[in-house]
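The structure appears below as structure tokens.
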Amino acid sequence: MIRFDGLKKSFGNKTVLEQVSYHFPDGERLALVGANGAGKTTLLDILTGVTEADSGKIIKPARLRLGYLPQEPNLAPLATVVDEAVAGGDGYVQTLVRRHRAALEAMTESYSEANHRAWELLDDEYKQEQGYSLDSDAKAILAGLGFTSHMMQQSPLTLSGGWRMRLELAKIFLNRPNFLILDEPTNHLDLPSLVWVEKWLENFSGTLLFVSHDRSLLRRLPTITLHLHNGKLTPYSGNFDAFLEERELRQEHEVAQAESLRKRREHLEKFVTRFGAKATKAAQAQSKMKMIARIRDLESDVVIDEQMESMHVDIPLGDPSGREVLRIKGGSIGYTRPLSQNINLLVERSQKVAVIGANGIGKSTLLKTVVSELPALSGAFEIGHNTRFAWFAQDQLTTLNPAKTILENVLEASANTTQSVARGVLGSLLFKGDDVYKSVGVLSGGEKARVGLARLLLKGANFLVMDEPTNHLDISSCEVLSQAILDYEGTVLFVSHDREFIDSVCTHIYAMLPDGRGQLFEGKLQDYRRLAQKAGFPDVLDPLPVSGSRGDVSSVQTAQINLRTGKISEQEVTQIKREAQKNQRAIEKLDSEMSRLQKVISDCDRQMEESHSDFSRVASISAEKQSSEARLASLEEQWLDLSEKIESAKNTLIELGRSL
């Protein structure tokens with residue numbers, strides 16, 4: 001696959017890539033990690049041809065079919081979202097579709113042997129690329145990314161920027177690349193679509209290189225982690241957690257190596273200082289000086305991460321609120337039409353409630369209505385006794401004044417805050433000394449997000465209402481914010497698509513459905529899924545089937561697609577029931593075989609204990625036990641897979657029953 005040698009790239013006096021070389025292995029999923037400003041996006045831009053390296057070379061194989069997310073959506077899209085997904089843009093498959101259609105039109109308008117032969121050649125290639133199923137594939141991918149059947153028939157020009165980028169992602173997936181490069185692929189995605197994309201990427205058979213701050217994605221997806229630091233690229237086997245462990249071990253070794261070199265250098269320096277002027281020792285001193293120079297070169301090669309100044313956030317509580325912090329009775333929210341209706345929600349003191357659901361169903365609208373930024377369409381939204389809220393909007397960065405300094409922006413947020421207190425809070429967020437006098441306009445997205453957090457902290461609220469608070473924050477900053485909210489004794493109502501953040505801080509999940517319903521569940525995301533299933537409440541995190549994934553698409557998966565796209569039939573209900581019954585019979589057979597194997601394993605344990613002195617017999621029994629254990633593990637995986645299918649069938653039948 002792609003190989004690059006000796007890449008170098010500088011911006012002014014800052015070198016972000018220093019003689020970087022790497023050969024991407026086929027079929028691996030590689031996460032590119034590093035601090036903000038380390039050069040991750042620069043490296044991706046060089047690989048995709050957006051920018052050029054100062055020096056070095058990139059070797060790309062002839063069979064390469066590169067897929068990457070553009071920085072902007074297609075400015076002149078086709079008439080509908082589906083049309084644009086299938087035939088818009090410059091992707092290989094989209095170009096083939098347009099050529100195939102043009103050849104068919106040419107043959108239809110003016111038939112000739114030459115036109116017919118040209119169409120046949122293109123049609124062979126079109127069939128090879130599964131062109132005749134592209135429309136259905138496109139709809140399945142778009143549905144997985146959250147598009148409804150109505151949206152699929154809209155003009156892309158009517159969509160927001162976030163939805164336009166989802167469409168570009170659909171086009172990439174439809175093009176079936178063998179090398180895929182994604183920079184923050186989960187931006188603009190809601191939780192259900194994020195889970196679907198993760199599943200698609202897990203099933204992707206080509207090579208994947210991605211940058212992400214989504215900690216769940218970094219733990220679940222990579223087979224290799226590439227660390228970009230001080231202009232150098234270092235590969236680590238495994239996911240982000242494995243990288244952290246291995247990097248810590250390497251750093252310990254490098255610290256020990258650096259200490260050994262330092263002691264050796266200091267010993268030699270003392271020799272030179274003591275004997276350099278003596279004629280009898282002059283030659284030795286010169287030799288030692290050369291040795292010192294070589295050791296200094298070695299010391300400069302031993303790269304030890306300086307411990308980054310740790311960010312520490314304490315969220316002041318102020319006076320505690322009453323027991324009931326927020327009560328919504330029969331609430332209806334929206335703009336010209338309701339997005340969610342008949343909301344009944346009680347949030348109590350110290351609860352931390354995560355609001356989840358698909359994009360466009362009213363999560364942000366709910367929060368804006370709670371803080372009175374939007375009026376309720378109907379119902380009562382009651383803030384409890386002695387409750388003082390602070391609001392962190394999703395567009396928080398746009399509320400900052402770019403012409404003013406960091407300190408001025410923070411002081412504006414709270415009239416009673418002194419400069420001393422404001423500087424203390426900013427210091428905890430890594431704005432030290434004269435940094436507070438920087439203009440906000442020159443800050444990075446992550447730095448602006450920290451300024452927004454400082455403004456929030458200074459309000460002394462006992463109820464935090466936060467819409468996507470981890471946007472623009474790097475991984476370490478997300479960890480710090482998670483810990484701060486965990487330690488906070490007040491109440492939090494928040495929206496986030498970061499599963500790691502949700503699970504680390506929430507005590508409750510409020511799930512919202514596209515049909516306007518919502519329900520509160522106690523616990524984390526896994527608790528929600530278990531309790532929702534028990535209550536017959538649809539799982540908003542259950543991803544649609546992945547187009548092109550391994551294995552056949554079941555009738556349950558087809559029904560789930562049709563449920564999203566609005567096409568459901570009675571025949572599908574019958575077929576789902578048949579599949580569920582078939583899977584239940586298979587599980588019963590597995591239960592019987594698994595019981596038999598467990599007995600075999602127990603018998604092997606007993607026989608080995610009885611024959612402990614007969615080594616050849618013990619070896620034979622041990623081999624039989626290992627074989628039985630391997631078979632049992634395989635059957636257990638089949639059992640779990642069938643159980644999930646049965647549960648999925650139950651949930652789908654519930655939803656289909658409501659829709660028919």
Side-chain angles (χ1 to χ4, degrees), residues 73 77 80-81 142-143 145-167 187-194 325-347 353-383 387 389-400 452 456 463-469 471 492-497 509-520 538 540 563-566 658-659:
T80 69
V81 167
L142 289 166
L145 290 170
F147 287 86
T148 64
S149 56
H150 172 70
M151 292 174 70
M152 292 181 199
Q153 302 308 318
Q154 288 180 232
S155 165
L157 296 175
T158 65
L159 302 177
S160 68
W163 284 101
R164 295 282 297 278
M165 293 311 294
R166 287 199 198 197
L167 174 55
N187 279 1
H188 313 297
L189 297 180
D190 51 30
L191 266 175
S193 299
L194 190 154
V325 172
L326 170 68
R327 182 181 285 276
I328 304 175
K329 300 176 183 175
S332 177
I333 59 172
Y335 295 85
T336 55
R337 63 178 181 83
L339 288 172
S340 188
Q341 302 180 70
N342 196 31
I343 300 171
N344 293 288
L345 175 64
L346 172 62
V347 178
V353 181
V355 182
I356 66 171
N359 275 359
I361 62 172
K363 301 188 301 296
S364 295
T365 305
L366 173 62
L367 267 56
K368 289 177 180 177
T369 307
V370 167
V371 300
S372 300
E373 193 169 294
L374 286 175
L377 298 183
S378 63
F381 286 71
E382 301 169 357
I383 298 294
T387 298
F389 67 80
W391 166 232
F392 187 93
Q394 188 174 156
D395 58 354
Q396 179 78 17
L397 303 193
T398 64
T399 66
L400 302 177
L456 181 79
F463 180 33
L464 303 182
V465 185
M466 311 175 83
D467 194 0
E468 297 288 3
N471 276 3
V492 185
L493 179 68
F494 69 98
V495 170
S496 178
H497 70 270
I509 299 286
Y510 183 68
M512 299 180 70
L513 296 178
D515 62 9
R517 289 178 293 149
Q519 190 166 328
L520 185 69
V540 302
L563 187 60
R564 179 75 69 88
T565 56
R658 292 193 182 107
S659 302

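Position 1 is the first residue of the sequence, and the numbers go up from there.
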Let's go through Ile328 and Leu346 carefully: what are the C-alpha distance in whole Å and the side-chain angles of both, what is the deciding distance for side-chain contact (heavy atoms from CB on, under 4.5 Å) to 0.1 Å, and is it a yes or a no? CA-CA 6 Å; Ile328 304 175; Leu346 172 62; over 6 Å; no

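- Scanning all heavy atoms of the two residues, the minimum distance from Leu345 to Tyr510 falls at CD1-CD1, 3.8 Å.
- The two residues Phe147 and Met152 have their closest heavy-atom pair at O-CE, 3.5 Å.
- Checked options Thr369, Ile361, Thr365; the residue passing with Leu339 is Thr365 (criterion: side-chain contact (heavy atoms from CB on, under 4.5 Å)).
- Phe381 CZ to Ile343 CD1: the interatomic distance, rounded to the nearest 0.5 Å, is 5.0 Å.
- In plain terms, the two heavy atoms of Val370 and Ile383 that are nearest each other are O-CD1, 4.0 Å.
- Arg164 has its side chain within reach of Leu157: a pair of non-hydrogen atoms, C-beta onward, lies under 4.5 Å apart.
- At least one donor-acceptor pair under 3.5 Å links the side chain of Asn344 to the backbone N or O of Gly330.
- Here the CG-CG distance, from Leu145 to Leu189, works out to 6.5 Å after rounding to the nearest 0.5 Å.
- The distance from atom CZ of Phe494 to atom NZ of Lys363, rounded to the nearest 0.5 Å, is 12.5 Å.
- Between Leu520 and Val347 the shortest side-chain heavy-atom distance does not fall below 4.5 Å.
- Between Val540 and Asp190 the shortest side-chain heavy-atom distance does not fall below 4.5 Å.
- Between the OG atom of Ser378 and the CD atom of Gln341 there is a distance of 7.0 Å, given to the nearest 0.5 Å.
- Considering only heavy atoms from C-beta on, Leu464 stays 4.5 Å or farther from Leu493 through its side chain.
- Of all non-hydrogen atoms in Pro192 and Gly357, the two that sit nearest each other are CD-O, 3.9 Å.
- Ile333 and Met512 make their closest contact through CD1-CE, 4.4 Å (heavy atoms, listed as atom of the first residue, atom of the second, distance).
- Residue Phe392 forms a side-chain contact (heavy atoms from CB on, under 4.5 Å) with just one option from Leu456, Asp467, Thr399, Val465, and that option is Leu456.
- Ser160 OG to Met165 CE: the interatomic distance, rounded to the nearest 0.5 Å, is 11.5 Å.
- Closest non-hydrogen pair, Arg517 versus Pro538, comes out as NH2-CG, 4.0 Å.
- In this structure, the side chains of Glu468 and Val495 come closer than 4.5 Å at one or more pairs of heavy atoms.
- Using a 4.5 Å heavy-atom threshold, the side chains of Val81 and Met151 count as separate.
- Note: Thr148 OG1 to Gln153 CD = 9.5 Å, rounded to the nearest 0.5 Å.
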